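For reference, the structure is listed below as structure tokens.
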Amino acid sequence: MALSPAFVPARGAVAGAGVAPGAQVSAPKALKAAPDGSRPSLLSFQRVALGSALLAGIRGIRGIRRSARAAKVRRCAEGSRASTAVKLRDPEDPVALEKEAAKLRSEVADLEAQQEEARRKERQALFRVLDSNSDGELDARELQKGVKQVMGADVDDETAERLVKALDVNGDGKIQPEELDFNTVQRLLQEFRREMQSKEEAERTAAYANKEKDMLRAEWDQFLANRPARNDDTGLLTRLGAFAAYLLPLTDALRFGMFLFAAFPAIQPLLNLLVVPVLLINALPFGLGYLALFFGMQTLAANRELPALLRYNLRQAITLDVVLVFMGLVGGVFQAIAGLAGSPIPLEISGGLSTAIYLLVSACCVYSMVASLSGNYPKGLGPLSEIAEFQIFDTAPTDGEEDTLKFFKFFDERNEK
């Protein structure tokens, strides 16, 4: 006969009792057959089954409650930890932050103190190993051996003395345990090495410069020794030739003297004296006469067989004419710029400058012509005279009187370029 649904145990109750759904549940001992073989009544069986189901349900409910309470406890603990962390990180709680910072500083200080103590003990142990005579101090020789043993670096006696002097804090000439620091030794050795490298580089540079200077000096001496003898002829033809050399700049300067001749007609006869040279030079059209005379004089000045007096004056006259041409070009450029700007240079200014140039060049030419006719070198024109003197330096004077050092700088600068 089927059981009434009211007496059938719920599936959840069976599951809560630890019995899997569908499993066979053995009847309790009270429901088993009696010794005489008789069976209990159906009502008794139903009552026992109902009691078992209730007992199992109560046990399941208790297990569920225990699990819920454990989960709640875990959530409370996690919330408490999170709240504590938030409070520590809360910027509005400076007291907590200050306590945490003080704690961290204390820990850092303790760690540093421990590290310093470890380093001190290490230095003391190393110091005892290096202190060969056990006097509690290291001299230069012991430090030298210590650097070799600890760092594998060979240092000479001078470097060892420098290390002792640098490490010696109390100035007693010895190294005490608290003064020994191989990090400082390594830094000092690197500095000494850089100083040595710089010194060696400077010495090599100086040696190379001295060697180059010696080679240049030997080349200069060879140049002086190989010069041919100078032609010191100062005869009449030589003087006349030196005098005539200045006709080039003197006639070329006439274009600067037109304002002077126009303002003072009384000096026109002086202009007539230069008409013949001007006509001879202008015999070739398009200024070719001046070019031919210029390059002809250049060729004669470079001829070492000609008299030195003639060569000297040829070079000085050529240089003076080059300066004159340069001043003419500069004046032309300024006049062109002023014309383009719409404000030409006043005639009084241009005329005054041109007259000054003419008088200056004429004075230089007259001085040089007079000196040449007297058989002397006109050396009073400053840089122009030095250039002329250098022109004849390629020959050796017969009297041996010359200042070779004055021209050595020109020779040196030419070789550097």
Side-chain angles (χ1 to χ4, degrees), residues 194-235 237-239 241-246 248-249 291-327 329 364 367-368 371-372 374-417:
R194 285 193 293 267
E195 292 177 2
M196 183 62 66
Q197 291 175 352
S198 300
K199 183 179 179 181
E200 291 176 353
E201 183 66 24
E203 290 177 353
R204 285 195 297 268
T205 303
Y208 178 79
N210 292 333
K211 183 179 180 181
E212 187 178 21
K213 199 74 174 180
D214 293 340
M215 294 175 60
L216 184 62
R217 189 70 186 184
E219 185 178 353
W220 174 254
D221 294 338
Q222 184 179 3
F223 164 75
L224 295 178
N226 294 335
R227 292 183 301 169
R230 180 175 299 173
N231 186 350
D232 289 329
D233 177 56
T234 57
L237 293 178
T238 299
R239 298 180 186 185
F243 175 89
Y246 292 96
L248 174 65
L291 289 177
L293 181 61
F294 182 85
F295 288 108
M297 292 174 62
Q298 287 273 25
T299 303
L300 294 175
N303 189 349
R304 294 188 294 184
E305 296 180 358
L306 293 178
L309 180 63
L310 176 60
R311 296 179 62 205
Y312 181 96
N313 286 280
L314 286 171
R315 172 55 59 192
Q316 187 160 267
I318 292 171
T319 306
L320 184 59
D321 190 66
V322 170
V323 173
L324 188 63
V325 171
F326 176 76
M327 289 190 293
L329 291 176
C364 292
Y367 160 75
S368 300
S372 298
S374 62
N376 298 318
Y377 290 91
K379 297 182 178 181
L381 300 185
L384 300 180
S385 298
E386 288 187 2
I387 295 174
E389 189 174 355
F390 188 71
Q391 176 66 57
I392 63 173
F393 193 73
D394 56 355
T395 56
T398 55
D399 55 4
E401 296 181 0
E402 62 177 350
D403 186 7
T404 59
L405 295 179
K406 181 172 64 174
F407 298 105
F408 179 73
K409 59 180 181 179
F410 296 106
F411 185 79
D412 191 5
E413 292 174 357
R414 186 186 65 182
N415 281 271
E416 288 180 356
K417 295 179 180 180

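The shown structure was predicted, so the numbers you read here are calculated from the model rather than taken from an experiment.
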Going from [atom1] on [X] to [atom2] on [Y], what distance comes out if it is rounded to the nearest 0.5 angstrom?
X	Y	atom1	atom2	value
Leu309	Phe243	CG	CZ	13.0 Å
Arg217	Asp221	CZ	CG	5.5 Å
Phe393	Arg230	CZ	CZ	8.0 Å
Thr395	Asp232	OG1	CG	7.5 Å
Glu212	Glu219	CD	CD	10.5 Å
Arg227	Ile392	CZ	CD1	10.0 Å

Does any non-hydrogen side-chain atom of [Y] lie less than 4.5 Å from one of [X]?
X	Y	result
Leu306	Leu300	yes
Phe294	Val325	no
Thr234	Pro307	no

Please lay out, stage by stage, how Tyr312 and Gln391 fare under the test side-chain contact (heavy atoms from CB on, under 4.5 Å). CA-CA 7 Å; Tyr312 181 96; Gln391 176 66 57; over 6 Å; no
For the student: nearest non-hydrogen atoms of Tyr246 and Pro249, plus distance: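 Looks like O-CD, 3.3 Å.
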Of all heavy-atom pairs between Pro228 and Arg304, which one has the smallest distance, and what is that distance?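 Distance-wise, the nearest heavy atoms are CD-NH1, 3.5 Å.
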Atom [atom1] of [X]: over 12 foreign heavy atoms under 6.0 Å:
X	atom1	answer
Glu200	CD	yes
Leu329	CG	yes
Tyr367	OH	yes

What pairs with Ser374 under side-chain hydrogen bond (donor to acceptor under 3.5 Å, both in side chains), at least two apart in sequence or on another chain?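 Ser374: side-chain hydrogen bond (donor to acceptor under 3.5 Å, both in side chains) contacts with Asn376.
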Under the side-chain hydrogen bond (donor to acceptor under 3.5 Å, both in side chains) rule, collect the residues that match up with Ser385, sequence neighbours excluded. Gln316
Please check if the side chain of Asp321 supplies one atom and the backbone of Ala317 the other of a donor-acceptor pair under 3.5 Å.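 No: the side chain of Asp321 does not pair with the backbone of Ala317.
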The single option from Leu384, Val323, Leu381 passing side-chain contact (heavy atoms from CB on, under 4.5 Å) against Cys364: Leu381
Report the residue from Asp394, Asn231, Asn303 that forms a side-chain hydrogen bond (donor to acceptor under 3.5 Å, both in side chains) with Arg311. Asp394
Test log, rule side-chain contact (heavy atoms from CB on, under 4.5 Å), inputs Phe390 and Arg315: CA-CA 9 Å; Phe390 188 71; Arg315 172 55 59 192; over 6 Å; no
Once side chain to side chain contact (heavy atoms under 4.5 Å, CB included) is applied, do any residues pair with Glu203, and if so which ones, sequence neighbours excluded? Lys199
